[in-house]
Amino acid sequence: MITSEQREKLRGWFAGRLPDDLFEELTEVTVDREEITVIGRIPAPQQGEDVSAAEREAALEGRIQEFRERTRESRIEVAREAEHKFRRKVSWGVECGGERALFTHVAAPVMTRLRQPERQVLDTLIAGGVARSRSEALAWCVRLVQQHTDDWLSELRESLEHVQRVRAQGPDSETKDTSTDTE
């Protein structure tokens, strides 16, 4: 868990390090123990009012793919620096015309010790066609919980940040430099 201040420093580093012409706007920088995800807004393709939904979708898809290919080298350069500095993988995505696309992202393995009743829930999701594997079913469950508990999770994160601030004021706080530690 990282603090709000560490998250702000991370976002500031990316805002300062990214080439000025990469995104129209840096919209989101999120971080966890394994990964930093950087998402920026790119301009939507210019189209008339009378285009079909299929044509608009294809144009957005084409714009996103063009951006991905054109900016690959500069994104890799920034990612290498960030991975060295913050000891996390960097993933990229864009927002374009109201759509969001992630180019890369880490699929981190999670160790679980599920008992039979929990495994049966996952197996039911597989049998019902909701997921193809237990890991996909577990990810589905996590997303469902996340949708319904955003307020509670936000409050919990704020509490954890408060605990970290109090710990940082303890007697060992002078011996440890946490300015670049984002754990």
Side-chain angles (χ1 to χ4, degrees), residues 1-45 60-112 135-136 138-140 142-143 145-147 149-150 153-170 172-183:
M1 181 77 195
I2 67 168
T3 65
S4 292
E5 181 182 351
Q6 290 168 327
R7 189 175 293 109
E8 289 168 6
K9 286 181 179 181
L10 186 78
R11 182 179 171 84
W13 185 88
F14 276 97
R17 177 56 186 88
L18 292 174
D20 288 336
D21 61 345
L22 187 65
F23 298 126
E24 283 184 331
E25 177 187 2
L26 178 62
T27 58
E28 186 177 319
V29 177
T30 56
V31 63
D32 66 13
R33 283 189 274 189
E34 290 85 22
E35 177 181 32
I36 301 167
T37 303
V38 180
I39 299 177
R41 183 172 298 113
I42 62 173
L60 288 174
E61 194 175 301
R63 174 61 53 93
I64 291 168
Q65 187 62 34
E66 182 277 334
F67 173 86
R68 182 179 187 184
E69 296 303 321
R70 178 174 44 84
T71 63
R72 184 181 310 273
E73 291 305 316
S74 61
R75 289 184 295 107
I76 287 172
E77 183 180 331
V78 172
R80 283 188 181 135
E81 288 178 39
E83 288 170 4
H84 178 75
K85 182 175 181 62
F86 301 112
R87 296 182 298 271
R88 289 171 173 79
K89 290 291 183 188
V90 176
S91 299
W92 299 92
V94 295
E95 291 179 356
C96 181
E99 297 293 320
R100 179 177 275 206
L102 291 177
F103 302 152
T104 55
H105 48 91
V106 173
V110 177
M111 296 299 293
T112 59
S135 63
E136 193 175 288
L138 183 59
W140 185 88
V142 169
R143 286 190 303 272
V145 169
Q146 181 184 20
Q147 286 176 350
T149 59
D150 276 341
L153 288 173
S154 294
E155 190 174 326
L156 181 60
R157 287 183 186 111
E158 288 172 14
S159 296
L160 290 171
E161 287 179 16
H162 178 70
V163 168
Q164 288 180 340
R165 283 193 301 272
V166 170
R167 281 186 188 150
Q169 296 171 359
D172 295 334
S173 64
E174 293 177 14
T175 61
K176 191 167 130 180
D177 179 20
T178 60
S179 61
T180 59
D181 183 18
T182 55
E183 287 283 305

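Position 1 is the first residue of the sequence, and the numbers go up from there.
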Side chain to side chain donor-acceptor pair (under 3.5 Å) partners of [X], counting only residues at least two apart:
X	value
Thr37	none
Glu155	none
Glu34	none
Arg75	Thr71

| task | For the pair Glu5 and Lys9, evaluate side-chain contact (heavy atoms from CB on, under 4.5 Å) and give the outcome as yes or no after the intermediate values. | result | CA-CA 6 Å; Glu5 181 182 351; Lys9 286 181 179 181; 3.5 Å; yes
Which residues pass the salt bridge (Lys or Arg N to Asp or Glu O under 4.0 Å) test with [X], sequence neighbours left out?
X	result
Glu35	none
Arg143	none
Glu24	none
Glu8	none

Results of side-chain contact (heavy atoms from CB on, under 4.5 Å) for [X] - residues two or more places apart only:
X	result
Arg11	Leu26, Val29
Gln147	Leu144
Glu28	Thr30, Ile39, Arg100
Ala82	Trp13, Phe14, Phe86, Val90

Rounded distance (nearest 0.5 Å) linking atom [atom1] of [X] with atom [atom2] of [Y]:
X	Y	atom1	atom2	result
Thr27	Glu95	OG1	CD	4.0 Å
Glu77	Leu18	CD	CG	11.0 Å
Lys89	Glu83	NZ	CD	4.5 Å

Can you confirm whether [X] sits close enough to [Y] that some side-chain heavy atom of one is under 4.5 Å from a side-chain heavy atom of the other?
X	Y	result
Arg157	Ser4	no
Glu81	His84	no
Phe67	Phe103	yes
Lys85	Arg17	no

Provide the closest heavy-atom pair for [X] versus [Y] in the form atom of the first, atom of the second, distance.
X	Y	value
Ser74	Pro19	CB-CG, 4.4 Å
Cys96	Pro45	SG-CD, 4.2 Å
Ala79	Trp92	CB-NE1, 4.0 Å
Ile42	Leu22	CG2-O, 4.3 Å
Arg88	Ile36	CD-CG1, 3.9 Å

| query | Is a side-chain donor or acceptor of Arg7 paired with a backbone partner of Val31 at a separation under 3.5 angstrom? | reply |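 Not confirmed, Arg7 side chain does not pair with Val31 backbone.
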| task | Go through the side-chain N and O atoms of Glu61 and Gln65 and say whether any donor and acceptor fall under 3.5 Å apart. | result |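 Per modelled atom types, Glu61 and Gln65 side chains form no pair under 3.5 Å.
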More than 12 heavy atoms of other groups within 6.0 Å of [X] [atom1]:
X	atom1	value
Arg80	CZ	no
Glu25	CD	yes
Glu66	CD	yes

